[in-house]
Number of protein chains: 2
Amino acid sequence: MSQTASIKDVATHAQVAVGTVSNVLNYPDRVSQRTKERVLKSIAELGFVRNDAARQLRAGQSRTIGLIVLDVGNPFFSSVARAAEDAAAALGSVVLVGDSGQDASREAHYMDLFQEQRVQGLLISPVGDVGQRIDTLRERGVPTVLVDELADTERCSSVSVDDEEGGYLAAKHLLDTGRRRLAFVGTPSIRQVASRLKGAQRAVSEVSDAGIEVLDSEGQTVLTGRKVGNSLVERSPEERPEAVFCSNDLLALGVMQSLTMLRTVRIPEDIALIGYDDIDFAISAVVPLSSIRQPTEALGRTAIELLAEEQESGGTKHRSVVFTPELVVRQSTAGAPK
Amino acid sequence: MSQTASIKDVATHAQVAVGTVSNVLNYPDRVSQRTKERVLKSIAELGFVRNDAARQLRAGQSRTIGLIVLDVGNPFFSSVARAAEDAAAALGSVVLVGDSGQDASREAHYMDLFQEQRVQGLLISPVGDVGQRIDTLRERGVPTVLVDELADTERCSSVSVDDEEGGYLAAKHLLDTGRRRLAFVGTPSIRQVASRLKGAQRAVSEVSDAGIEVLDSEGQTVLTGRKVGNSLVERSPEERPEAVFCSNDLLALGVMQSLTMLRTVRIPEDIALIGYDDIDFAISAVVPLSSIRQPTEALGRTAIELLAEEQESGGTKHRSVVFTPELVVRQSTAGAPK
DNA sequence: ACTCGTTTTTGAATCGTTTCATTTGTTACG
DNA sequence: CGTAACAAATGAAACGATTCAAAAACGAGT
């Protein structure tokens, strides 16, 4: 009783063949009512629990999907992950989440791990150059879907958000409210951030007397945002930008804290502020923060859908879905300047 | 080449026996240099990747530890989870994270799933009554460690934080700074919250002219905190508490937003505010928030350690580790009132 | 009672690894 | 040259499920 019962033990106990027990579990219709009851009774009495490893070995594949994100602590990714988990659960699969922490070697480590687990498929928000590895996986029948990154459709499917459009929306909004001297805060070395900046620059170029200054935050956290905010406070009023666009909400909240703490700069009167991601904290910040909302649930759900499509097509048909971000206006960009 | 190579294919390719390939992977010292090189070369050429399911099946156990938390979105749990993952990685194990969302049926679902996976052990922050299931698991050789919950040492190990002490620390601090009319905000139906309240009440009872009012927040989020904050603002100044202790930082931040937004109440001059958990956002709030810090990294790390102890002792020896929380004083409780 | 057709049950083969008792190969020493 | 001692390599058995061709049981019709 102490050790786990196997299907064989159940068969013996119920006086049937092992195949019958398996049928009860997998094809109940093939088994007569009487034996089914007997087997189920034995299963309950012995406390039998399927051994997933044995099942997988025979099946050659697991019911598991791997997901590698840049940072699970980031609300954006945890939201995507949760949506993916829910969608996968509906298909009877489980999602394993790996956190690369923006480190290529950790990313590679998780890819190896998932390969050993014979995952059904892989969802990944890549940090390193994973093209080669994805090719290998595809050859072996493991489809991959890029998340939050546009893929070469020759290679694999992807689900992403139009970052350039998001950047454009944010800057356009600031310009529409009359601000002209803009600043962009972020780390353009990250692809998503660079795209957002590009969109912002496009919006600025459409307005003759507008300009945008780029401030590298060297990080995407609240703390690095505060540093940038402090540097803005130290400037003389006429050297300060009229509006600041941060590449994510954490940065924006950091900037906001620096600006409001010293009470010399008012938001939005002196400086308007907009972030990106629309995390839960944005609406409940000191000054409710305008932001660019990304459809995280749709991202996660669609990623699973695309993975299913890949599986059905045998990994030959790829598709890229690009969502459009949405401007959310709150108090931090209200009114006109001056 | 398209399908995955097995150890047998490697053996054929390298012209050795399968056992030798296995030895190269698991006991390199048993194999001569020459054959080792040959096998490794074949492995590389064929792109062989271990099949974890087969390995587990043979081993009878996985290299996997299950962790069930109340909410992965909560920074407290995501921090504990990360620490557990790191500690497990050092032992060559992987942590699977399941989110019960405070729902007993989801919790049961994950327990079933982990049992099918034959996890090495289970870490769980329980929501339902899991005593029975834990007993069953123990009988089957799967040790369990309760996380953030004190266990009956007869049954299993646990790692927790002294919530009553934390509550005491918070209230004592408020009293020490001269505040007398306190308010407690939280949902006492949750065990941890109830303990914190109990500790706070003890501190209050030690001071003759002090009192504490309990405000049920019906939730533990920023939004529910704001509701409570609004109700405080609506009160006449003399009816307002001098200090508010919130059962977590999200609530406290919500309360803070309500109070500061209307600019009629000053923090900490009119109302002092203290939270619980010391999440990253606490230090960077409008008014930096005093809080009770819980050693999340130690919790996660120790949980894994206790699990290892359980395994070594064959599940006979149980131990409970209780950490002491720590008061972190910031601006939100600075100075004396009036 | 016998046949045919259908439903139910059987049990050996299989998945890919690890283990371990044996066999084979090598070296050292009398 | 023989053999003991040790190192290295072998390959069959086992883990626990699923599958599937074959056997058995059943029921209906004559």
Side-chain angles (χ1 to χ4, degrees), chain A residues 3-40 42-43 46-64 92 112-113 115-120 140-141, chain B residues 3-40 42-43 46-64 92 112-113 115-120 140-141:
Chain A
Q3 277 313 319
T4 316
S6 78
I7 211 172
K8 212 169 191 167
D9 300 323
V10 174
T12 308
H13 188 269
Q15 303 192 60
V16 296
V18 289
T20 305
V21 179
S22 177
N23 281 334
V24 169
L25 294 169
N26 301 295
Y27 307 95
D29 294 346
R30 290 189 192 163
V31 184
S32 74
Q33 190 62 27
R34 228 160 51 85
T35 41
K36 203 187 318 191
E37 277 167 12
R38 202 144 40 89
V39 169
L40 289 175
S42 296
I43 286 178
L46 298 178
F48 166 77
V49 177
R50 257 200 188 89
N51 184 322
D52 200 52
R55 205 229 267 259
Q56 276 185 41
L57 173 58
R58 182 63 233 249
Q61 232 208 183
S62 71
R63 302 295 297 156
T64 293
D112 288 343
L113 191 72
Q115 223 176 324
E116 287 190 7
Q117 308 258 7
R118 299 292 190 272
V119 293
Q120 289 179 278
R140 302 215 173 130
Chain B
Q3 278 312 319
T4 317
S6 78
I7 212 174
K8 213 169 192 167
D9 301 324
V10 174
T12 308
H13 188 269
Q15 304 191 61
V16 295
V18 289
T20 304
V21 178
S22 177
N23 281 333
V24 170
L25 295 169
N26 301 295
Y27 307 94
D29 294 346
R30 291 189 192 164
V31 184
S32 74
Q33 190 62 28
R34 229 160 48 86
T35 41
K36 203 187 318 188
E37 277 166 13
R38 202 144 40 90
V39 169
L40 289 175
S42 295
I43 286 178
L46 297 178
F48 165 76
V49 177
R50 256 200 188 89
N51 183 322
D52 199 52
R55 204 229 264 262
Q56 276 185 42
L57 174 58
R58 182 64 234 248
Q61 234 209 183
S62 70
R63 302 297 297 158
T64 293
D112 287 343
L113 191 71
Q115 222 175 325
E116 288 191 6
Q117 307 259 7
R118 298 292 191 273
V119 292
Q120 290 179 279
R140 303 215 173 129

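Order of the sequence lines sets the chain letters (A, B, ...), proteins ahead of strands, with each chain counted from 1.
Applying the 4.0 Å criterion to OP1 and OP2 of D/dT18, one finds that A/Arg50 has a side-chain N or O inside that range. Within the 4.0 Å cut-off from OP1 or OP2 of C/dT19, at least one side-chain nitrogen or oxygen of B/Tyr27 is found. For the pair B/Ser22 and C/dT18, the criterion of a side-chain N or O lying under 4.0 Å from OP1 or OP2 is met. Checking the phosphate oxygens (OP1, OP2) of C/dT9, a side-chain nitrogen or oxygen of A/Ser32 falls inside 4.0 Å.
Distances were taken from every side-chain heavy atom of B/Thr20 (C-beta onward) to each of C/dT10, D/dA9, D/dG16; the shortest belongs to D/dA9. Checked against D/dG16, C/dT18, C/dT17, the side chain of B/Asn51 finds its nearest nucleotide in C/dT17. If you check D/dA9, D/dA12, C/dG16 against the side chain of B/Val18, the one that comes closest is D/dA12. Candidate nucleotides C/dT9, C/dT17, D/dG16 were compared by shortest atom distance to the side chain of A/Thr35, and C/dT9 ranks first. Side-chain proximity of A/Asn23 to the nucleotides D/dA17, C/dT9, C/dT17 is greatest for C/dT9. In this structure, the nucleotide among D/dT18, D/dT10, C/dT18 sitting nearest to the side chain of A/Ile7 is D/dT18. Ranking D/dA9, D/dT18, C/dG16 by closeness to the B/Val31 side chain, first place goes to D/dA9. Ranking C/dT9, C/dC15, C/dT17 by closeness to the B/Arg55 side chain, first place goes to C/dT17.
For B/Leu57 and D/dA14, the CG to C1' distance is 9 Å, given to the nearest whole Å. Distance CD (B/Gln117) to C1' (D/dC15): 17 Å, rounded to an integer number of Å. To the nearest angstrom, C1' of C/dT9 lies 14 Å from NZ of A/Lys36. Separating the NZ atom of A/Lys8 from the C1' atom of C/dA12 is a distance of 11 Å, rounded to the nearest angstrom. For the pair A/Glu116 CD and C/dT18 C1', the interatomic distance rounds to 15 Å; values are reported in whole Å. Distance, B/Leu25 CG to C/dT17 P: 9 Å, rounded to whole Å. Computed from coordinates, the B/Leu46 CG to C/dG16 P distance equals 14 Å when rounded to whole Å. As rounded to whole Å, 11 Å separates atom C1' of D/dA9 from atom CZ of B/Arg38.
Backbone-only engagement by B/Val16 is indicated by non-hydrogen atom pairs under 4.0 Å involving sugar-phosphate atoms exclusively. No engagement by A/Gly60 is indicated, since no non-hydrogen atom pair under 4.0 Å with the nucleic acid exists.
Minimum heavy-atom separation, B/Arg50 to A/Arg118: O-NH1, 3.1 Å. Here the closest non-hydrogen pair linking A/Gln56 and A/Gln117 is OE1-O, 3.8 Å. The shortest non-hydrogen separation linking B/Leu57 to A/Ala54 is CD1-CB, 3.7 Å.
No side-chain heavy atom of A/Val39 sits under 4.5 Å from any side-chain heavy atom of A/Val31. The side-chain heavy atoms of A/Arg55 and A/Asn26, taken from C-beta on, include a pair separated by under 4.5 Å.
Heavy-atom distances to DNA chain D give each of B/Arg34 and A/Gly19 a nearest nucleotide, and the one nearer the 5′ end belongs to B/Arg34. The nearest heavy atom of DNA chain D to A/Asn26 and to B/Gln33 marks one nucleotide each, and the one closer to the 5' end goes with B/Gln33.
Between the base of C/dT17 and the side chain of B/Arg58 there is no donor-acceptor pair shorter than 3.5 Å. Interface remark: the A/Arg30 side chain does not form any donor-acceptor pair with the C/dT8 base, using a distance-only criterion of under 3.5 Å.
Screening B/Glu37, B/His13, B/Gln15 for a side-chain hydrogen bond (donor to acceptor under 3.5 Å, both in side chains) with B/Ser42, the sole residue that qualifies is B/His13.
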